[in-house]
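Whatever order the structure lists ligands and atoms in, that order sets their numbers, starting from 1.
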Amino acid sequence: MSELRDRDPVIFDAIASERRRQLATLELIASENFASDAVLEALGSVMNNKYAEGLPRKRYYGGCEFVDVAEDAALERVGRLFGAEHANVQAHSGATANMAAYFAVADAGATLLGMSLAHGGHLTHGHAVSFSGRLFKAVQYGVRSEDGRIDYEQMEALAREHRPRIIVAGASAYPRVIDFERFGRIAREVGAALVVDMAHIAGLVAAGLHPSPVPHADLVTSTTHKTLRGPRGGFVLCRKAHAEKLDKTVFPMLQGGPLMHAIAAKAVCFGEALTDGFRAYQGRVVDNARALAASLEQHGFDLVSGGTDNHLVLVDLTRRSLTGKVAEEALHRARIPVNKNAVPNDPQKPWVTSGIRVGTPALTTRGFGVEEMRLIAGWIARVLDRPDDTDTARAVEREVSEVASKFPLFAWEPALR
Ligand code: DSN
């Protein structure tokens, strides 16, 4: 870091401040995590300097023998981790991974059936402002209002009515197990390709704590930085039959040069995810989410679907006459980052919302356990009981800081980055 301090103090200070922020706050944003020092070392390496369009041993540039080692390792490890027939690890992000998966099996103008963002899906599953809603004819399914669970009957009826080319399963704010087998059955019945976006739950799937989509889907997409705890980026798994089309869709159709430093870091992440320690970590993520959900309920919060099976909890603030925006800002003042999130049938606009989404992957990486989850639920309740009261926020912030200072960024790694 000293080189950076001398050459660019503005950016050095911004990074130092961000590091302090990450240490001093209780990160509850469900899609965030803390990558290991080994991942960050690969990410900040000279592999950044190499152009390598193509695939290992089939590149458009010379001098690729060492980046090939990294990409081969990433491909072998991710294949072993998820039991996939084929993988492509070059997608720059989850959105690009989804785009590549869709265009591997469909052309623009095809019908795509995905879960509505307003019900816990994702922008790239057919929302009008995303490429997925602009280039495809999007049809959207959601969750049942009575129990917050995916409305499989609605999804199947829409599939039979619209005969989509693509059915997308997967979510960014859904706390329950997803029945990928059922999605696979209806996809086969209507002649659709099933694309599963497992970005949020990839770590749980790797650890065997959520049923795998791989046996049921034509293509599976993911990011590497959420529960998987790697560098920011994406990847796609698929059946052999789609392999050639997928690779050609990632490059040259959608992307140029792959980010070889990110691919090296993905290889490190997949290697970590193959360990027993990672599986144990995912178990703690789920235990912590259950404890957090139970404590929040004890404090009188309404939870969408009444609880959680995975790493996240969706809190419905409607009965408290609170918006997600107000809650997010109040918790931010107490150093508890969360994100405002729409709840099913939310009357508020997307930048206001009636809920917050909280998740346990990041704090579990830091070593937080069930006891701390109970403390956190109590702090959330205190702040949200009096969201405008700065004295309460300050008092909670002091307690947060005391607990945060007891946990290094990585429970399993003494070095702080
Ligand atoms: N932005 C991610 C999330 O927070 O879930 C999804 O892309």
Kindly list each side-chain donor-acceptor pair under 3.5 angstrom involving residues 46-54, sequence neighbours excluded, with atom names and distances?
residue : atom : partner : partner atom : Å
Lys50   : NZ   : Gly62   : O            : 2.9

Next item on the list: Under the side-chain contact (heavy atoms from CB on, under 4.5 Å) rule, collect the residues that match up with Asp385, sequence neighbours excluded.
Entry: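 With sequence neighbours excluded, Asp385 shows a side-chain contact (heavy atoms from CB on, under 4.5 Å) to Arg320, given in chain and number order.
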Notebook entry, point to check: Will you find, in the side chains of Asn288 and Thr360, an N or O donor that is under 3.5 Å from an N or O acceptor?
Noted result: no
Note to self: Please enumerate all residues that pass salt bridge (Lys or Arg N to Asp or Glu O under 4.0 Å) together with Asp316, with sequence neighbours excluded.
What the structure shows: none
Item checked: Minimum-distance pair of heavy atoms, taken over all atoms of Thr224 and Arg232 -> OG1-C, 4.0 Å
Margin query: Are Phe136 and Phe103 an aromatic pair, judged by ring center distance below 6.0 Å?
Written below: yes
Next item on the list: Using a strict cut-off of under 4.0 Å between a residue heavy atom and any atom of ligand 1, list the qualifying protein residues by chain and number.
Entry: Ser31, His122, Ser172, His200, Lys226, Arg357
